[in-house]
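For reference, positions follow the sequence shown, starting with 1.
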Amino acid sequence: MSSSLLWAVDVYGKVYSLSTTRGRLERDEDTLLELKRVTAGQRCSWGIGCDHHVYLNIDPREVPIHYREETYENQRWNPVDGFTDVLLPTDRWAWSDLTGVTAQPLHSFLLPSDSWEWEGDWYVDQVCAGGDPTETGGWEYAVDFPANFSREKKWNSCVCRRRWIRDRIYKARGSWTKIPLDHPKQPPLPLSDLSCGGWEMSDQPGRYHFLWGVSQQGQVWFRSGILPQVPEGQCWEEVEAPREVAQISAGPGDLLWAVLWDGQLLVRTGICLDSPTGSSWVVVDSPPVKEGGTIHVAVGVSVVWAITKDYKVWFRRGVNSHNPCGSGWISIGGEMMMVDVGLNDQVWGVGEDRGLYFRKGVTPSEPSGRGWIPVSAQWGHSKETVQPRSVTYGVHTENAHFPVFLHCIRFHVFCMLTSQNKYPCKWPYHLVNTWTLLQFHKRTCISKTKGSMRWWRDWKPYRWVDVGVALEQSTNVNGKRDAIFFIYFTQYDEKKYLHVFISDVTVLVPVLKENSHHAFAVYTSDNTKQRWPLILATQTEKDMADWLSLLAGCCCEARGIRGTPSRQALWSVTSKGDVMVHEPSPCLEAPAHTLPCDMMFWLQVPGHLRCVESNSLGVVWGIGYDGTAWVYSGSGSFFHLSTLNRATLHTQTDGRTVYIYENQRWNPMTGYTDKLLPTDRFPWSDDNGFTECTKSTTHPPSPQWSWVTEWAVDFAFSGGTDKEGWQYAADFPVTFHGNKSLKDFVRRRRWVRKCKITLTAPWQEVPPIPLSDITVLPCLAQSSMEQVPVWGLSDKGDVLCRLGVTPQNPGSSWLHVGTDQPFKSISIGGGHQVWAIARDRAVFYRGSVSASNPAGECWYHIPSPPKQSLRQLAVGRTSVYTVDENSNLWYRQGLTPSYPQGSAWELISNNVTKVSVGPLDQVWVIADWVPGCPSELSVPGAVCHRLGVGPMQPKGQSWDYGIGGGWEHISVRGSSTCHPGPYWIHPP
């Protein structure tokens, strides 16, 4: 049975082939081969390697390719020596080609590439031009060059010649090999796309191939000299194009289409055997879409398919050899990353989910087909499937027919990634054991809540998709309640769904997402590991609040959570200001079988704060972004305001300051202007210049916020400003200063605007001093004390000690503790140890602090780590940790009751933005990034737990990365729940 072959390249550059006779995807034997593009013709395939070399693969089933090299040995007669290779100056070379113009000595013949090998040595052709054997060693005679030669030597024969032959064979059939470079001493031509076609233009048995390429600079190239006996071709020839080309596609006939960088389309006309490069280009309009522009085109015998920037698929009608431009576009259902046209104009595509799809129903009478079918094939002898990045259809036989192809391919759902993928499938929701779903639906359904939302699709192109949602709640025979959250969507005219078991949800949290102010993320243990939560958005703020309340209530019921946060709870705050809480279990700090961070369940508490600190006696303090101090006063069920005690609810306000930057560059004609260089930042941007932020497009963090001031120039800018608020520098992003010099070619100024949020929450305000930091004494749950020590820093850097604090009373007044400079971070630990960092980054220890002397006596200066500036510290029961400006975590060695200042700093880790140490000396941090996570998935701010911390190993051993990113603060100072056993030694 004749067969055809489909080539595919996955996201890692690995090459696979799918044959109609084998019915399985097989990976190329060369495990080191990595290709970016593949294109296939009749009997051969081409590819672009990651090393920019062009690779060729000849079908091993083809007849072996032989090539005969020949050269002529030429001699002239003279009366002294007879026939000799000493020729006249006007004669041809002693060793030459047939015409004698080119010198060809035997040693000048080299193999074109490593794909060839010699079949033997040079030998003389014993058959002369007339076809008769010669008896004179293959010599032919003539009167002179270039007269007619014959095998007979005559009296006037003054010159002679004979032909030498050497055969070589192409040995690399069935493998990918590099084609030779046009200039071996120069790097390869950097091609970005490749397309093979033209083999149906000739009726000759060998059939020629036309190979076209596009360089990274947008130039079009044609590979000349490709013949059946010379499959590698001879050299690349540039074909002039009116503008830069991004992608090209050649059909089996004389069709050639190209996509320009600006999304327009070009058609090459005049292509024929005598003129394989054609004669001229014709511009064709792209399909009519809003954003405009085409990103991919695929050409067949008489069809053209295109994909626009919104990944919609289009078919060009009326295309043929006489009208290569066609007559108009037809929109085709489905969204694809790329398509390729194969045998009999059959169409294959790679979808947005990187899955492989086949266009069903393509016939000569209906060339556009009827729909897309997802395709999956067995990989080798296993049941694993692969995920292609690009595909191309290769024709290796002349008599393969469409019915054979269709009947031999097996179609299955294509959704799983290859096992080599370090980050497996992003959809853990729909890959759950089917038996679990069946068991769920056998239960008695209590209620079903439906609605409509938008889902942030987690494959390229990332965008919002309208979906339907449903929450199904049920109960089993034991009375235990559970629920499943369904998301219904349509893809390629096929209805699909995702589902999440509510018992698997670890956090529900509002997020800031582009083009949506009412979005929230649903985390499970699986997508926490992948750093890719399920993100949904509602139409209004009320809808989001209702759904969050409903889902949170189901989560609490499934986990048996009731009431307000316990005194042992872990508190955290997101970068958006949302307050989260986790109820710890004894296994959270267990020496073995510790609860993984990604399985911790976090629940939102009403309120908006910048940081929260607590202890195990139930004292919880927080600070807003405007510096206002708050004390938690909640009671009742804390996942819905309606169940809270109204006496504990208060009106909470918070304020934030929004900054944008105006950037200008100097030029000699106009002075400073907003006409910047193409490599500069935006004229209006954020601090780093990567994001454009104008006055009109910059909005408050969410609809709950409202502006309270207008935009104004910020003169209180670090580094100083001139009288108009400008700062100057030599270039972006060099350090700016307030005074202009002759070498300053750029300048910027900061604009400021304030916004405010007002909400009802279980937080009681503690006036009147604005605070920048707060700390509460960590202690064990069984501890008792008349007053709980609480220390804070004012927004001016003054050190304050709160008097009269109890779990029921936020205290009576602040006691000012004298310092000789402002402070920026403070922490109190076991034994009333108070440590602080000044704004000049010096470290201090407060001596003689006790219950009877809550303010202590004096400050002791502690040396900082060498060449490091500290910004935040945390003190536990017997340990002290600090974080420097470079996100390094340090541990204080040598702490003893007799010498509480310690002896030296030891570096523990990097990648830390904030640290919290609990009453059991447990260490938790906010990490800046998660190691091994792709950059496109990495969001700053992940909760991490230090494992292996104990009395014999106070510094711990490793990190366990949990929920994130988007977290900004964590406090474990109330968590004194420990695992029973000898691991923790409690003080008396």
TODO: List in chain and number order the residues that pass side chain to side chain contact (heavy atoms under 4.5 Å, CB included) with Ser452, two or more places apart in sequence or in another chain; answer none if no residue qualifies.
DONE: none

Task: For Ala521, side chain to side chain contact (heavy atoms under 4.5 Å, CB included) partners two or more places apart - done: Val509, Val511, Tyr523, Pro533, Ile535

- [ ] Salt-bridge test for Lys914 and Glu968: reply yes if a basic N is under 4.0 Å from a carboxylate O, no otherwise.
- [x] no

Open item on the list: Run the side chain to side chain contact (heavy atoms under 4.5 Å, CB included) test against Ser525 and tell me which residues pass, sequence neighbours left out.
Closed with: Lys529, Asp598, Met599

Open item on the list: Less than 6.0 angstrom separating the ring centers of His608 and Trp705, yes or no?
Closed with: yes

Open item on the list: Applying side chain to side chain contact (heavy atoms under 4.5 Å, CB included), can you list everything that pairs with Gln704, at least two apart in sequence or on another chain?
Closed with: Glu541, Ser702, Ile757

Open item on the list: Could you tell me if the side chain of Val943 sits less than 4.5 Å from the side chain of Trp924, heavy atoms only?
Closed with: yes

Task: Short N-O contact, Lys695 and Glu662, less than 4.0 angstrom - done: no

TODO: Side-chain contact test, heavy atoms from C-beta onward, threshold under 4.5 Å: evaluate it for Glu692 versus Ser685 and give yes or no.
DONE: no

Open item on the list: List the residues meeting side chain to side chain donor-acceptor pair (under 3.5 Å) with Trp684, not counting sequence neighbours, and say none if there are none.
Closed with: none

TODO: May I ask you to check whether Tyr661 and Trp751 place their ring centres under 6.0 Å from each other?
DONE: no

Task: Ring-face cation contact, Trp464 with Arg457, 6.0 Å cut, 45° max - done: no

Task: For Asp960, salt bridge (Lys or Arg N to Asp or Glu O under 4.0 Å) partners two or more places apart - done: none

